[in-house]
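A quick write-up on the structure given underneath.
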2 protein chains.
Amino acid sequence: MNYTIKDVAKKANVSIATVSRILNNQKGYSEKTKRKVLEAIEELDYHPNAIARGLINKKTSTIGVLFPALSSMLVTELLAGIEKAAHQLGSSVIVCHTESNGSKTMKYLQLLNEKRVDGIIFTSEILKEEYYEFIQKMNIPLVLLSTESRAYSVPYVKVDDRHAAYSAAQYLIKKGHTRIGMISGNQNDLIAGKPRIDGFKDALMDHGLSVDDSRIVCSEGFTFADGIKGFKKMRQQAAEVTAIFAASDEIAFGAISAAYQQGIRIPEELSIIGYDNLSIAEMSIPPLTSLAQPFYEMGEKAANMIFDMINGEQLVESRIMPHSIMERSSVAEKEE
Amino acid sequence: MNYTIKDVAKKANVSIATVSRILNNQKGYSEKTKRKVLEAIEELDYHPNAIARGLINKKTSTIGVLFPALSSMLVTELLAGIEKAAHQLGSSVIVCHTESNGSKTMKYLQLLNEKRVDGIIFTSEILKEEYYEFIQKMNIPLVLLSTESRAYSVPYVKVDDRHAAYSAAQYLIKKGHTRIGMISGNQNDLIAGKPRIDGFKDALMDHGLSVDDSRIVCSEGFTFADGIKGFKKMRQQAAEVTAIFAASDEIAFGAISAAYQQGIRIPEELSIIGYDNLSIAEMSIPPLTSLAQPFYEMGEKAANMIFDMINGEQLVESRIMPHSIMERSSVAEKEE
DNA sequence: TTGTAAGCGTTATCAC
DNA sequence: GTGATAACGCTTACAA
């Protein structure tokens, strides 16, 4: 297997140049030779070598995607979206797992550079100066997914976290809750942590509710364990709370578990709203009402942006993706 | 950026051959020239072009991985394991999402062929003749992950599903249960469906329990929805059952949800054991006891096998990975 | 120890 | 229309 263009040329009695022209639908050959060549290709089951093509075209039809964590559930949806869009446009995607580690990230960037990928999608993390500079030098398109950069002007695809958090809190308020708590992610996380806290506070203030810091418990991350810990802390600090906004579905799951152990009924005694709307959200007891991020579409969008840029589009606009609230059963009306 | 070997050669006043030798730690140069060249490389921040290398070496340091579904949670763990091992060995991984679709799969195989990947990991699906033949023609290593082939002799990495299911059922039996049901996957699924049913039946028989078909409800797949449906059916057909073996964690989650709605307490009134031990298993109420498959390690193993094969190892042995039971709180002792 | 030159499988620029 | 032929950036005989 794996004949070359030469074999085809020989078999069809033409030059390799002609075969190449036909392969790339250029002009410069008669219908007859075209048929002849196509036949030869068919017979040999010839397929062009993408590596050789890449070498001369300086285009590999491959993009690189960097994830801080692979096993997080939202990653798979992002990846599925990216992969779909990429495949539709004839490209492949190489996944890189940086573990939020600076030197690993740089190593991956090196690798992607050596492999001459056409573009890079950088997800869910702060774009450090070092990364940015390196990618600048690589001179290929970059888009940020589920993150953004204050420092550099790089197109991104993201939900407006502050606004989304605002919506989530507002939802709780509209349901009649006035004593609302939040189990947040890390407040030093400027991408996914802080903005959600800010949005939460904004909503309270805009609706004339006082913001009591003891009702906001900050976790280290967005995990199930953080949710459990956070919930316990909340009960100690602010037992009066009737509704909780969890900064991720996993946190919400943790909170639900902890609540169950303490014999607190959800949503009768306590309402909980999650964030992300991962597939697990429907699996909790009760099913989790959650602020939905359209991860799949975000992945698709980011990939499409990268390809626009690869194809020379100059001004690619960042996209704030619409969020929404997926109502299930973990939030109850609060009667006055 | 992106100098070539030529630039380095010029800067160091040597031929490109010498640079190449040094790059590949071959012999044939003095320490002095080596230093000179290394310096030039450093100064220019030169990095070899992997595409050009790939063309001549016929080795791209890239492998392809085919997944039927990306968004399933076990995929991420498999992928994480694969990616880690691949990266450690200096390779990249291209992910392909076949959606269990024959023609899509073939298209991906074509693509991977054109991109000249060094090997392919095929996961969680039946290896159809068409796929196998094609990969044969590609003439690159193939390993099966979380699946195996009766028809062809292809190395695989897998848990022994029949045995694992046996263990799960046995665990329930050892806990004193005698009326045990199973919510299985699709019985026509010869990889993940049938063997688990068989193992379940075996265990019952070996322990002198009668196998009652009404206590085995077959679903279409392994999803949460299947679990809910399956559970309801189970209650109708075999309400006497005191323990249920769910063929996946998602099914178990569905069953738990349905049980909760019917006011059935777990594990007091009904025990449930899951299968897979995904990260969600710890998140259920009560935390799910589950038969654990070491997905991460399986991914790693499969990748290592591929590289062994790429490096010329002739006889690579298939690996049956050890399963185990992750005890949590969804199974109770059954008193006589 | 080092350099020259022929590939690897393409595409693209010339001539004819 | 068509065919040589020079790139692309590298590795590797083969010479020197």
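A note on names: the letters A, B, ... follow the listed sequences, proteins ahead of strands, and every chain is numbered from 1.
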In whole angstrom, what separates [X]'s [atom1] from [N]'s [atom2]?
X       : N      : atom1 : atom2 : result
A/Lys36 : D/dT2  : NZ    : P     : 7 Å
B/Asn2  : D/dG9  : CG    : P     : 9 Å
B/Tyr29 : C/dT2  : OH    : P     : 10 Å
A/Ile56 : C/dT13 : CD1   : P     : 10 Å
B/Leu44 : D/dG9  : CG    : C1'   : 15 Å
B/Arg21 : D/dA13 : CZ    : P     : 11 Å
B/Tyr3  : D/dC10 : OH    : C1'   : 19 Å
A/Asn49 : D/dG9  : CG    : P     : 17 Å

query: Which residue, A/Leu55 or B/Gly28, contacts DNA chain C at a nucleotide closer to its 5' end, judged by nearest heavy atom?
result: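 This one resolves to B/Gly28.
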Closest-nucleotide ordering on DNA chain C, the 5'-leading residue of B/Glu31 and A/Tyr46: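 Whichever sits nearer the 5' end wins; that is B/Glu31.
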field: Divergence of helical axes at both termini of the helix from C/dT1-D/dA16 to C/dC16-D/dG1 - five pairs an end, 10° steps
entry: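 For the helix from C/dT1-D/dA16 to C/dC16-D/dG1, the axes at opposite ends meet at about 50°.
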Does [N] have OP1 or OP2 under 4.0 Å away from a side-chain N or O of [X]?
X       : N      : answer
B/Arg53 : D/dG9  : no
A/Ser20 : C/dT11 : yes
A/Thr4  : C/dG9  : no
B/Ser30 : C/dT2  : yes

message: Could you check whether B/Ser318 and B/Glu148, counting side-chain N and O atoms only, form a donor-acceptor pair closer than 3.5 Å?
response: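 There is no such pair (donor and acceptor under 3.5 Å, judged by atom type) between the side chains of B/Glu148 and B/Ser318.
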Of the nucleotides [options], which one has an atom closest to the side chain of [X]?
X       : options               : result
B/Lys58 : D/dA13, C/dT11, C/dG9 : C/dG9
B/Pro48 : D/dC10, C/dT1, C/dA12 : D/dC10
A/Ile16 : C/dT2, D/dT5, C/dA5   : D/dT5
B/Asn57 : D/dT11, C/dT4, D/dG3  : D/dT11
A/Ala17 : D/dG3, C/dG3, C/dT11  : D/dG3

message: To check you understand the geometry: which heavy-atom pair defines the closest contact between A/Leu70 and A/His97, and what is its length?
response: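 Shortest heavy-atom contact: N-NE2, 3.5 Å.
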Side chain to side chain, [X] and [Y], heavy atoms closer than 4.5 Å:
X        : Y        : value
A/Ile5   : A/Ser20  : yes
B/Leu127 : B/Tyr152 : yes
B/Glu99  : B/Thr105 : no
A/Asn2   : B/Arg116 : yes
B/Val154 : B/Val143 : no

- prompt: Toward the 5' end of DNA chain D, which comes first, B/Ala52 or B/Thr18, by nearest nucleotide?
  reply: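 Result: B/Ala52.
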message: Are B/Tyr108 and A/His87 an aromatic pair, judged by ring center distance below 6.0 Å?
response: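 Close enough - the centres of the two rings lie under 6.0 Å apart.
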message: When you measure only distances, ignoring hydrogens and angles, does the side chain of B/Arg116 come within 3.5 Å of the base of C/dG9 through a donor and an acceptor?
response: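 Answer is no: no donor-acceptor pair is held.
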